Protein chains: 2
Amino acid sequence: MKPKIEDVAKLAGVSPTTVSRVLNNRGYISQKTKDNVQKAMNELNYFPNDLARSLFNKRTYLIGLILPTTSNPFFGELTFHIENICASLGYKVLLCNSLNRIDKEEQYAEMLMRNQVDGIIVGTHNQGTFHYHKQNLPIVAIDRYFSNTIPVVGSDNYAGGKLATEHLLSKGCKKIIHFNAPLQIEAPGQLRRTAFEDVLKKHHMEPVTYEIETPLGHEGQKEVIQKAFGEIPDVDGVFASNDLIAAVVINEAKKRGIDIPNRLKVVGYDGTETGKIMMPQLTTIQQPIDLIAKTAIEILRKEIDGEFGTAPYETQLPVTLLEGKTT
Amino acid sequence: MKPKIEDVAKLAGVSPTTVSRVLNNRGYISQKTKDNVQKAMNELNYFPNDLARSLFNKRTYLIGLILPTTSNPFFGELTFHIENICASLGYKVLLCNSLNRIDKEEQYAEMLMRNQVDGIIVGTHNQGTFHYHKQNLPIVAIDRYFSNTIPVVGSDNYAGGKLATEHLLSKGCKKIIHFNAPLQIEAPGQLRRTAFEDVLKKHHMEPVTYEIETPLGHEGQKEVIQKAFGEIPDVDGVFASNDLIAAVVINEAKKRGIDIPNRLKVVGYDGTETGKIMMPQLTTIQQPIDLIAKTAIEILRKEIDGEFGTAPYETQLPVTLLEGKTT
DNA sequence: CTGAAAGCGCTTACAG
DNA sequence: CTGAAAGCGCTTACAG
């Protein structure tokens with residue numbers, strides 16, 4: 001059996017109250033009993049039961065993290081940073097891969113509530129889920145709008161879309177197409193598309209966007225891309241809404257013997273560490289993943305600590321153009 | 001305030017005991033009171049507090065997952081599969097990114113114990129950490145040897161190393177070098193190296209292995225690779241112990257104007273989804289990540305359910321050669 | 001400086 | 001079929 005506070009107390013010849021006090025370094029305790037208790041704890045290899053503590057304190061130091069999937073390098077890296085920062089602050093992360101499925105999201109939301117998490121970070125697609133679940137549980141969204149009471153953190157998607165599109169134009173592209181997630185998803189990511197359209201219109205060019213499902217449904221993605229190449233044979237520029245899509249585009253172009261960057265220029269989005277290593281040649285818009293993680297947690301902590309209204313409703317972090325050899 | 005069982009009981013006009021019974025579907029209860037209680041729960045938007053439940057049941061359905069970092073696509077995908085399977089079985093995942101740092105691992109191990117996890121899955125480097133922490137807490141290791149009481153799950157590393165090396169030989173390589181993690185790390189992954197050496201020796205060739213740190217310390221990795229190119233200018237084959245290293249090798253070769261696959265052939269290791277999309281041309285040894293996850297959880301569950309001795313000490317899952325255009 | 005008592009929100013024998 | 005009581009392992013007023 002695991003030792004409990006009572007066992008330590010007995011061994012040290014004190015009351016459980018006293019053990020608890022040295023555990024929490026609270027109230028006055030003589031150095032002598034302190035030492036005694038410490039010795040007893042070591043001897044028994046005692047570790048406090050955080051469940052019992054949390055039950056009493058109504059504070060678990062547990063954070064729920066809901067994302068589409070850590071298989072995607074963007075989310076894998078985001079998860080790393082979030083967990084890492086949380087750990088440094090004494091928080092623990094309960095991981096949830098929702099695959100953007102609303103049924104899973106709902107299950108996860110309930111699970112997190114039952115586990116009394118102190119707060120939730122959501123980076124998943126579907127909105128609405130949290131409207132009713134949220135019984136003033138601190139939440140912060142990453143790159144997703146849920147409601148106007150839930151703060152959103154993300155990178156400056158409009159600037160990113162603009163940067164990408166203008167870059168393609170500056171490189172001489174005349175026929176640019178964009179691949180993005182379906183419109184019904186109300187993510188700030190759609191601003192990339194808006195920026196793309198705005199810039200092209202300003203240059204009197206017709207913006208064409210193909211919608212593509214984002215979870216790694218590789219096959220479906222390929223089809224859309226093939227269709228695009230078929231319908232717009234004179235395409236000479238592609239702005240992909242993430243690096244994986246850019247990779248598929250590049251590969252498809254290679255198969256068709258289309259030279260990159262001479263006949264076709266491609267800009268991706270995300271600029272993950274993995275992407276930079278695996279595709280060092282890719283021109284892409286880099287998101288500050290670590291900063292997104294840091295900011296989201298800062299805002300969540302403020303909410304948890306009851307500092308409402310302090311956090312900005314929306315935070316847009318700066319993006320960078322990483323110029324490679326695909327443009 | 002969150003409603004508790006007592007509130008539901010009052011509203012439904014029954015005792016807490018009865019509410020608990022309908023919650024757990026336990027013992028005899030009339031359909032009528034069952035309905036009453038259900039109605040009261042809905043009305044109050046009641047969710048049971050799993051902390052309190054777990055405290056009593058001594059079962060949290062929490063699994064600790066310790067890995068180097070989800071930033072690495074192999075671990076990002078492994079994490080996804082593990083969490084996904086856990087969720088389908090009613091388990092929740094507490095994520096820990098140790099970065100292979102022994103101090104972090106120790107902290108995480110203690111944290112997991114305090115949180116009363118039902119079991120731990122470790123895919124991290126350092127051994128020894130769990131020798132004393134482990135007070136018969138169910139543990140399963142992924143590709144790491146800890147002690148002979150902790151089951152290990154991984155892919156067939158020897159077969160993988162053999163497959164990779166023989167493939168390079170069959171493609172006519174005469175001077176093959178291998179990049180792997182430092183030897184002191186006692187991971188089954190070292191079997192890839194052993195296989196490499198065995199095969200080359202059998203063919204009367206001298207095996208050369210360069211040691212490379214695995215966490216994404218990109219810069220350090222690059223240096224080792226540059227050094228290798230400098231020292232062995234006639235290298236015509238590389239077996240890299242993961243796809244990220246393979247990517248750096250390929251990039252370095254390109255910079256030096258070394259044509260792949262004509263002058264240099266490269267085989268990677270892992271074959272992640274991300275890798276397959278970002279580097280579709282790479283020849284690599286694919287690990288069955290989903291199977292590794294599934295097997296690890298199966299074994300852990302057996303341990304949790306007290307079926308000791310049932311689980312094999314070591315499980316080696318089959319690997320596949322994915323032939324691309326780099327060989 | 002230290003301890004006995006009550007309580008965090010739940011569950012399960014034990015009665016009835 | 002239903003309820004009162006005790007307890008999971010901890011903590012915190014309240015006394016002393």
Side-chain angles (χ1 to χ4, degrees), chain A residues 1-38 40-41 44-62 110-118 135 137, chain B residues 1-38 40-41 44-62 110-118 135 137:
Chain A
M1 232 29 259
K2 280 179 202 155
K4 42 187 179 179
I5 230 173
E6 204 191 316
D7 302 315
V8 178
K10 270 183 192 149
L11 185 62
V14 296
S15 75
T17 309
T18 302
V19 177
S20 172
R21 269 197 279 262
V22 350
L23 225 36
N24 296 288
N25 216 326
R26 227 170 170 289
Y28 297 85
I29 359 158
S30 73
Q31 190 57 48
K32 199 181 145 200
T33 51
K34 216 183 232 175
D35 293 344
N36 274 340
V37 170
Q38 283 291 3
M41 295 201 299
L44 295 175
N45 200 234
Y46 171 78
F47 291 100
N49 182 328
D50 274 353
L51 247 46
R53 272 184 190 213
S54 297
L55 182 59
F56 186 94
N57 293 324
K58 293 165 177 307
R59 194 90 145 68
T60 55
Y61 289 93
L62 234 33
E110 185 178 326
M111 179 277 273
L112 294 175
M113 291 198 52
R114 284 167 173 254
N115 281 276
Q116 315 299 119
V117 295
D118 290 345
Q135 359 202 45
L137 180 60
Chain B
M1 230 30 260
K2 280 180 201 154
K4 43 188 179 179
I5 230 173
E6 203 190 316
D7 302 315
V8 178
K10 270 185 193 147
L11 186 61
V14 296
S15 76
T17 309
T18 300
V19 177
S20 171
R21 268 198 279 261
V22 350
L23 225 36
N24 295 288
N25 216 326
R26 227 170 171 287
Y28 298 84
I29 357 157
S30 73
Q31 191 57 47
K32 199 181 146 200
T33 51
K34 216 182 232 173
D35 294 345
N36 273 342
V37 170
Q38 283 292 3
M41 294 201 300
L44 294 175
N45 200 235
Y46 171 78
F47 290 101
N49 181 329
D50 274 352
L51 247 46
R53 272 185 190 214
S54 297
L55 182 58
F56 187 93
N57 294 325
K58 293 165 177 308
R59 194 91 145 67
T60 54
Y61 290 93
L62 235 33
E110 184 178 327
M111 179 276 273
L112 294 175
M113 291 198 50
R114 285 166 173 255
N115 282 274
Q116 315 298 118
V117 295
D118 290 346
Q135 359 203 46
L137 180 61

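All heavy atoms count here, side chains included; hydrogens, waters and symmetry mates do not. What you see is a predicted model; the values in this text were computed from it and never measured. In what follows, chains carry the letters A, B, and so on, assigned in the order in which the sequence lines appear, proteins first and then strands, with residues in each chain numbered from 1.
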- Can a donor-acceptor pair be found between the side chains of T17(B) and S20(B) at a distance below 3.5 Å? no
- Considering heavy-atom distances to DNA chain D, does R21(B) or R21(A) have its closest nucleotide positioned more toward the 5' end? R21(B)
- Note on the structure: Result for 5'-nearest mapping on DNA chain D, choosing between L23(A) and P16(B), is P16(B)
Shortest side-chain distance from [X], nucleotide among [options]:
{"X": "T33(A)", "options": "dA13(C), dT2(C), dG9(C)", "value": "dT2(C)"}
{"X": "S30(A)", "options": "dG9(D), dC1(C), dT2(D)", "value": "dC1(C)"}
{"X": "F56(A)", "options": "dG3(C), dT11(D), dC10(C)", "value": "dT11(D)"}
{"X": "R53(B)", "options": "dT11(C), dT2(D), dT2(C)", "value": "dT11(C)"}
{"X": "K58(A)", "options": "dA4(C), dC8(C), dC8(D)", "value": "dC8(C)"}
{"X": "A52(A)", "options": "dT11(D), dC10(C), dC10(D)", "value": "dC10(D)"}
{"X": "R26(B)", "options": "dT2(C), dT12(C), dT11(D)", "value": "dT12(C)"}
{"X": "N57(B)", "options": "dC1(D), dT12(C), dG3(C)", "value": "dT12(C)"}

Please report, rounded to the nearest Å, how far the [atom2] atom of [N] is from the [atom1] atom of [X].
{"X": "K4(A)", "N": "dG7(D)", "atom1": "NZ", "atom2": "P", "answer": "10 Å"}
{"X": "N25(B)", "N": "dT11(C)", "atom1": "CG", "atom2": "C1'", "answer": "15 Å"}
{"X": "M113(A)", "N": "dC10(C)", "atom1": "CE", "atom2": "C1'", "answer": "16 Å"}
{"X": "I5(B)", "N": "dG7(C)", "atom1": "CD1", "atom2": "C1'", "answer": "16 Å"}
{"X": "N115(B)", "N": "dC10(D)", "atom1": "CG", "atom2": "P", "answer": "13 Å"}
{"X": "N24(A)", "N": "dG9(D)", "atom1": "CG", "atom2": "P", "answer": "17 Å"}
{"X": "R59(A)", "N": "dT12(D)", "atom1": "CZ", "atom2": "C1'", "answer": "17 Å"}
{"X": "L51(B)", "N": "dC10(D)", "atom1": "CG", "atom2": "C1'", "answer": "11 Å"}

- So, the side chain of D7(A) versus the backbone of K4(A): is there a donor-acceptor pair under 3.5 Å, distance only? yes
- Side-chain (D118(A)) to main-chain (T60(A)) donor-acceptor, under 3.5 angstrom: yes
- Query: Got a donor-acceptor pair under 3.5 Å from the side chain of S15(B) to the base of dA4(D)?
  - Reply: no
Classify [X] by what it touches in the nucleic acid, base, sugar-phosphate, or nothing, heavy-atom distance under 4.0 Å.
{"X": "T18(A)", "value": "sugar-phosphate"}
{"X": "D50(B)", "value": "nothing"}
{"X": "S54(A)", "value": "nothing"}

- Are more than 12 heavy atoms from other residues, nucleotides or ligands located less than 6.0 Å from atom OH of Y61(A)? no
- Message: Let me confirm one number: the CG-NZ distance from L51(B) to K58(A), rounded to the nearest 0.5 Å.
- Response: 10.0 Å
- Query: Taking the six-membered ring of F56(B) as reference, does the NZ or CZ atom of R53(B) fall below 6.0 Å from its centre and within a 45° cone about the axis?
  - Reply: no
- Phosphate OP1/OP2 of dG16(D) contacted by Y28(A) side-chain N/O (<4.0 Å): no
- Partner of dG3(C) by Watson-Crick or G-U wobble geometry, both contacts under 3.5 Å, or none? dC14(D)
